[in-house]
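In what follows, a single structure is set out as structure tokens and then discussed.
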Amino acid sequence: MITPTVQLVRPAPSNKRKRTHHVAERMFEKSMDDFAAEVRDLLKVSLEPRQLLEMSEKLEVEYREKLKSSAISMLPSYLHTLPTGREIGDFLALDVGGSTFRIALIRLGERDDGRDGLRLRRVRSFLIDKSIRDLKGRAFFDWMAERIGEMLTEYNHINGTTDARLRMGLAWSFPVDQTSPRSGRLLAMGKGFCATYGVEGQDLSELIMHSCRARQLNVEMMAIVNDGAATLLSQAYRDPSTCMSLILGTGTNAAAFLPYTTLGPGKFGDRPDSWHAAAKHVLVNSEVSMFGRHVFPRTRWDDELNSKHVLPDFQPLEYMVTGRYLGEIARLILVEAVSTAGLFDGEMPARLNEPYALDTSLLAAFQNDISRSMSKASAAFLDAHPLPSPPRISELHFIRELAQLISRRAATYLATALHALWRLRTAAEGLQPGEASHVTIACNGTIVEKYPDFRACCQRQLDELCELSGAAKGAVTLAMAPESSLFGAAVAVACIGDES
Ligand code: BGC
């Protein structure tokens with residue numbers, strides 16, 4: 001066996017850094033320059049358009065397989081038409097996200113001042129922290145019902161009414177196996193939630209309604225949709241060219257309005273014949289986070305994150321692209337840089353050794369700080385992860401480059417996943433890429449909305465891939481869909497109400 005020889009290197013001397021305490025001089029396996037070059041190589045691997053196109057083709061094959069048979073991805077909703085934009089009414093919309101539960105009163109159809117007809121009349125937001133994520137089974141749904149009760153008390157107080165039975169729609173940021181427009185079986189939840197304990201497979205609508213009835217809440221669950229589907233619906237209400245969506249926040253997902261025949265017969269469960277007779281298309285929740293395990297190249301840091309995850313391999317794409325994980329990937333790299341290449345002279349910043357301690361917003365702060373001194377980024381870093389003396393400018397540059405590499409890879413892989421879905425949809429419509437009409441992809445989620453340059457980068461990659469596969473320039477547009485989960489939940493109730 002050949003034992004690799006490890007050359008020990010001293011950290012680069014710097015007269016700029018004033019140490020306020022004594023640091024014993026240590027030796028490291030490699031220099032920071034070598035480490036940075038390695039990180040660059042590993043995170044940039046396969047970002048060439050031709051290679052991305054190959055990945056997209058492989059993903060398309062995976063999508064097709066799961067559209068024919070999978071109980072956890074490519075899940076068809078009951079919606080077989082998209083909104084016309086003329087739906088009207090008042091609804092209570094619920095949005096269970098990865099870190100907040102929001103409840104809103106939505107009015108559809110009020111078009112004063114030429115606005116789009118989607119009105120958020122009142123909204124309350126409740127933090128979902130670890131103690132809520134840890135709630136098991138019914139306890140989680142009781143917590144939801146209590147919050148709905150709080151909202152209704154306030155609403156009735158404001159409106160002076162107590163007897164209005166409110167029609168409710170739910171945007172659920174987790175997979176759900178729909179068994180009717182208003183119900184679905186609860187499937188395994190990611191994002192650290194324990195709500196499925198003891199109730200997995202049970203009717204989600206009934207779980208919520210049981211807790212609401214116990215509190216005599218005058219509400220009725222009328223529609224359940226995944227948040228990806230909700231996002232598509234809300235934007236389609238405004239713009240009929242919308243037929244796909246992307247969520248990128250704590251989690252990721254994409255939905256698409258696909259021809260009925262794209263799905264295998266076994267995917268529909270037990271639906272009435274009248275539904276099948278009417279359905280020419282279906283709104284499908286792809287659960288795209290679960291794809292790409294054998295498609296996207298992984299680094300040793302991705303492998304480490306995956307192996308220590310409570311659900312290894314459950315959502316391979318999600319573990320590389322979402323707000324919950326971008327910071328963690330960076331943290332794993334920084335920890336290795338400290339111990340093997342002498343970043344910060346080998347001094348571990350406070351809390352950097354704790355899993356998930358590095359917040360993705362810190363990476364955004366580095367990318368946002370394009371100043372020479374990078375003083376804002378440095379202050380943000382020291383605030384979260386104190387060090388006895390401030391980082392050197394070269395170290396700050398390294399972290400900024402790391403943030404760029406990690407976020408660019410995420411945007412590129414997402415664009416690839418969307419391109420595969422767009423191509424599949426185009427072919428299923430019987431069209432060549434060059435013949436397809438313009439498609440709007442409705443977007444929502446903190447990363448795609450707020451992370452510096454993320455959406456623009458994803459759009460550039462998508463343009464390049466679409467053009468490479470023969471589409472006209474600008475064939476696909478990523479458009480932000482504000483408040484899409486809440487509006488989409490309300491639009492779903494209105495659409496289902498129109499159909500039933
Ligand atoms: C869930 C999806 C959800 C997405 C975005 C993923 O982790 O599996 O159901 O749509 O996050 O919230």
Side-chain angles (χ1 to χ4, degrees), residues 63 66 70-77 79 93-102 125 128 133 169-178 184-196 200 204 223-235 244-257 283-293 305-306 309-326 328 356 360 410 413-414 417-418 421 441-451 454 458 478 480-481 483-489 492:
Y63 293 168
K66 305 295 177 195
S70 162
I72 55 169
S73 63
M74 294 295 173
L75 304 168
S77 71
L79 287 153
L94 311 180
D95 166 23
V96 179
S99 47
T100 49
F101 174 35
R102 303 201 314 145
S125 202
I128 300 186
R133 284 197 294 275
L170 166 69
W172 186 245
S173 303
F174 305 92
V176 55
D177 172 22
Q178 303 252 202
R185 265 186 288 273
L186 189 60
L187 298 177
M189 291 164 83
K191 302 175 186 167
F193 279 68
C194 299
T196 52
E200 191 169 327
L204 175 57
I224 290 185
V225 276
N226 172 262
D227 58 343
T231 295
L232 195 158
L233 288 173
S234 76
Q235 189 66 13
M244 285 174 60
S245 68
L246 164 72
I247 302 275
L248 184 61
T250 320
T252 190
N253 204 354
F257 193 56
L283 179 50
V284 178
N285 161 20
S286 71
E287 289 295 335
V288 77
S289 64
M290 298 179 187
F291 287 85
R293 183 163 167 220
L305 186 153
N306 182 57
H309 197 281
V310 278
L311 295 172
D313 299 324
F314 180 51
Q315 294 175 301
L317 178 62
E318 184 145 318
Y319 301 167
M320 294 175 129
V321 303
T322 70
R324 193 168 158 78
Y325 302 105
L326 296 180
E328 179 62 0
Y356 292 90
T360 298
Y413 286 171
L414 262 178
L418 288 172
L421 195 56
I441 304 183
C443 299
N444 200 280
T446 41
I447 301 295
V448 66
E449 185 182 359
K450 298 201 175 119
Y451 195 98
F454 201 99
C458 194
L478 297 169
M480 281 313 297
E483 300 297 1
S484 63
S485 290
L486 291 171
F487 285 140

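Each ligand, and each atom within it, is numbered from 1 in the order the structure gives. When reading the values below, keep in mind they use all heavy atoms of this one structure, side chains included, and skip hydrogens, waters and symmetry mates. Residue indices begin at 1 and follow the sequence shown.
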Q) How are the rings of Y325 and Y356 set relative to one another: parallel (under 30°), tilted (30 to 60°) or perpendicular (over 60°)? A) perpendicular
Q: Ignoring hydrogens and angles, tell me if any N or O in the side chain of S173 forms a donor-acceptor pair with the backbone of V96 under 3.5 Å.
A: yes
Q) What residues sit with at least one heavy atom under 4.0 Å from ligand 1? A) S173, F174, P175, K191, N226, D227, I247, G251, T252, N253, E287, Q315, E318
Q: Ignoring hydrogens and angles, state whether a donor on the side chain of D227 or N253 is under 3.5 Å from an acceptor on the partner side chain.
A: no
Q. Are the side chain of Q178 and the backbone of G184 linked by a donor-acceptor contact shorter than 3.5 Å?
A. no
Q) Short question: side chain of Y319, backbone of D313 - any donor-acceptor pair under 3.5 Å? A) no
Q. Charged N to carboxylate O under 4.0 angstrom, R102 versus E483?
A. yes
